[in-house]
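Read through the structure below, which is laid out as structure tokens, and then see the notes.
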Amino acid sequence: MESLEALVAHIQGLSGSPEEVAHLHSLLKQADGDSLRAHAAALVPFLAYLSPETHSLGYLYLLEACATSGSNLSEFGGGDFLVTIAGFLTACSADQIRLAPDKFLNVCRVLKDQVMQLNMPIRGIAPLRAAVRKIQSSPEQLTPVHADYLLLCLLAKQYMAGLSILEDDIFEVDQPKDLFLYCYYGGMIYIGLKKFPKALELLHNAVTAPMSMLNAIAVEAYKKYVLVSLIVNGQVPSFPKYTSVSAQRSMKNHAQIYVELSTSYSNGRYTDLETFVQANSATFQSDNNLGLVKQVLSSMYKRNIQRLTQTYLTLSLEDIARSVQLETPRDAEMHVLRMIEDGEIHATINQKDGMVSFHEDPEQYKSVEMVEHIDSSIQRLTALSKKLASIDENMSCDPAYLMKTGRDRGRFDGRFDYDDYDSVPHKFF
Amino acid sequence: MDLSAVQAALSDKSYSALAPLCDELLLQAASKGATTDEWPYSVHLLAHLYVNDLNSARFFWKSLPQEVKETRPELAAVWRIGQCLWNRDYAGVNTAAQGFEWGPDLAEFITAFLESYRQRIFKLLTSAYSTISVADVAHFMGMSEEDATNYAVQYGWSLDAATRMLTVKKLKAQTNQKLDASKLQRLTECVFHLEH
């Protein structure tokens, strides 16, 4: 193995053009391994000679050797080493580090483990956010860093920071575990921000994702899925057809108490639900879902008042209070005021007569803003359906798929008919 | 730690931009491992309340170490405002804001916050009520009954002195209904896509 100085000289010299970098890459791969890690402590001062932007690949190899060498990071100057990693992740060149993605992922993992050990998750947020963008080949790709990033945001209570990553639509997934964790943590971030419909989407994906066997992440996601469904829709839908067989069969068994909660909710009586929640609060607490369960409880008032709008045009505050099981008409007034503020109801309160008049949604969908909104939705849908068409076409060209369908058809006919060629996509001609 | 951007925003009175600015600066400072003793906590918290982002305000408060919460009375006072907003104690917000001796950096910010809060509450009352008692308006707006009545009358509300009731004047909703030709192009593309 070459000496460290020679290696560093190579890195400095060969980081100019893409061909030089490719050459450097092969040199680094030769030098890599346990022998490099053994010299980990000696590597750190050399890092000062390299620049993270121009010498990203070489820097990455050395950094990864130090980080995964297994020795205590405090030997490298503890907190300072974290700053070095953070600086690298923010400044590195995306093209260079994509040549060695596994090493990059290792460095990110080490950063996340360290900040969690130091109990300062906020330190890892800005670097990991930069790292996600660097290693993604497109904004539609899911990487293992996504889940780690969202976890740090949750622990540090920086929910808004998590939002920037969640707003990208994901189309490519390599590892199923990444998807489950991404959907679960993402759902929790949206719950924290009270964006319940978006949380429902992500949790739904976690619950209905393909799985040969039930996994713990999906079960926890299902528990939250039930609660958020109740808050948003007042009921829990049954599993769609594309849910995996193992989920359909055994998911509910692991979340029995949540199923009972949803049954109690559908009966519509606040006091019954309250009793049920109090009786089982210990279980909910140990699942870390007690806060969400309480939100389900308070959504009951809202839902019952909304139900009233379907029957009445005007109603007195007293009647509202009585029907929804609130204490006083003043309570009912404050509830209605709150719902008007949140846009959950269209009504006007008449204090002189103590009455509330319910209205229709005044939106007439004629304004320019509404047209813009519909327009952008249509554009998004058009893009999505084009994407779906191209995925479908790619899949029908996939050799494994063709073999399976070809084989099945062969079993019926015994020989190929010329008609069969029509279904093969024109790509082959 | 470079807080000049925060100071600039404060003196510019661009209060709505403060919250994302403070958030980003905090993340950057944390990644460099800087200590956060001189962090403008009160300004940061009030910035979230100004844009009515109660979730971020709550999480910010929760993430602070106990020691910081206890040794900064101004910060605790800002949090009391936040608690009133969270509990929809509309009147309590005014008492909490007006009942504290604010330092020079915060005083102007608090005044701006109260002004924007008052406008928001008035808008809510206009849309939610057809008639409302003078006492309630005064209660929600944090003004005396006289001031509240004058404020309301300014906006076209009418007072029934006998029953001490104000009748609300609803605002006519402004809707823009002009469309331009580019929409036609968009529509054509959409139909083309559906046909194929």
Side-chain angles (χ1 to χ4, degrees), chain A residues 78-80 82-83 85-87 89-90 115 120-130 155-161 192-195 333-334 336-341 346-353 355-357 362-364 366-372 375 378-379 381-382 385-386 389, chain B residues 19-20 23-24 26-34 36 48 53-56 58-64 88-90 120-121 123-125 127-133 135-137 140 160 163 165-168 170 173-180 182-183 186-187 189-190 192-194 196:
Chain A
D80 286 332
L82 274 186
V83 178
I85 300 185
L89 289 177
T90 326
V115 298
M120 299 176 72
I122 193 172
R123 287 188 64 168
I125 294 184
L128 281 190
R129 184 177 56 187
L155 289 174
K157 301 204 196 318
Q158 290 287 336
Y159 287 75
M160 291 297 279
L193 292 171
K194 306 238 185 288
K195 292 187 192 284
E333 185 182 338
M334 288 299 108
V336 173
L337 184 60
R338 201 178 296 192
M339 286 171 71
I340 295 176
E341 185 179 9
H346 301 285
T348 319
I349 307 174
N350 190 334
Q351 267 198 356
K352 195 155 48 153
D353 309 327
M355 302 285 286
V356 178
S357 325
E363 179 62 61
Q364 287 187 310
K366 286 200 285 197
S367 64
V368 167
E369 293 87 21
M370 191 45 83
V371 169
E372 290 293 338
D375 205 36
I378 292 180
Q379 272 189 306
L381 287 171
T382 317
S385 86
K386 282 198 182 116
Chain B
D23 278 342
E24 185 58 33
L26 187 63
L27 287 179
Q28 295 296 343
S31 74
K32 298 195 178 68
T36 45
H48 283 305
D53 186 357
L54 295 182
N55 290 315
S56 296
R58 257 190 331 134
F59 293 130
F60 182 63
W61 176 258
K62 274 196 210 174
S63 71
L64 295 176
R88 318 260 191 155
D89 183 0
Y90 301 110
R120 193 157 52 84
I121 289 297
K123 215 163 140 207
L124 174 63
L125 293 179
S127 66
Y129 284 92
S130 58
T131 60
I132 183 173
S133 70
D136 267 341
V137 178
F140 286 139
D160 182 349
T163 49
M165 280 286 186
L166 284 159
T167 314
V168 175
K170 299 279 184 195
Q174 300 275 36
T175 49
N176 213 337
Q177 288 189 22
K178 254 203 288 237
L179 298 176
D180 59 276
S182 67
K183 297 291 180 281
R186 210 64 78 68
L187 214 53
E189 283 169 14
C190 172
F192 177 77
H193 175 82
L194 287 172
H196 295 80

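So you know, we letter chains A, B, ... as the sequences are listed, proteins then strands, and number each from 1. This structure is a prediction, so every number in the text was calculated from the model and none was measured.
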Step through the shown structure and confirm whether more than 12 heavy atoms of other residues, nucleotides or ligands are within 6.0 Å of NZ on A:K194.
yes

Between [X] and chain B, with a heavy-atom cut-off of 4.5 Å, which part of the residue counts as in contact: side chain, backbone, both or neither?
X      : result
A:I122 : both
A:A161 : side chain
A:M120 : neither

B:E24, part contacting chain A, at a heavy-atom distance under 4.5 Å
side chain

Given heavy-atom pairs under 4.5 angstrom as the criterion, report whether the side chain, backbone, both or neither of B:F140 touches chain A.
side chain

Drop me the distance from [X]'s [atom1] to [Y]'s [atom2], to the nearest 0.5 angstrom.
X      : Y      : atom1 : atom2 : result
A:E341 : B:R120 : CD    : CZ    : 6.0 Å
A:T348 : B:Y129 : OG1   : OH    : 11.0 Å
B:S130 : A:D353 : OG    : CG    : 7.5 Å
B:L166 : A:K352 : CG    : NZ    : 11.0 Å
B:S127 : A:L337 : OG    : CG    : 8.5 Å
A:Q351 : B:M165 : CD    : CE    : 5.5 Å

If you count heavy-atom pairs under 4.5 Å with chain B, which of A:A347, A:P362, A:G192, A:S357 comes out on top?
A:G192

Pick from A:H346, A:M334, A:Q379, A:Q158: which one has the most heavy-atom pairs with chain B under 4.5 Å?
A:Q379

Decide yes or no on side chain to side chain contact (heavy atoms under 4.5 Å, CB included) for A:I378 and B:H193, but give the supporting numbers first.
CA-CA 11 Å; A:I378 292 180; B:H193 175 82; over 6 Å; no

Just to verify, what does A:Y159 make a ring pair (Phe, Tyr, Trp, His ring centres under 6.0 Å) with, not counting sequence neighbours?
B:F59

Which residues pass the side chain to side chain contact (heavy atoms under 4.5 Å, CB included) test with A:M160, sequence neighbours left out?
A:L163, A:L193, B:D53, B:S56

If you compare all heavy atoms of B:L27 against all heavy atoms of A:A126, which two are closest, and at what distance to 0.1 Å?
O-CB, 3.9 Å

What closest approach, in Å, do B:Y90 and A:R338 show between heavy atoms, and which atom pair accounts for it?
OH-CA, 4.3 Å

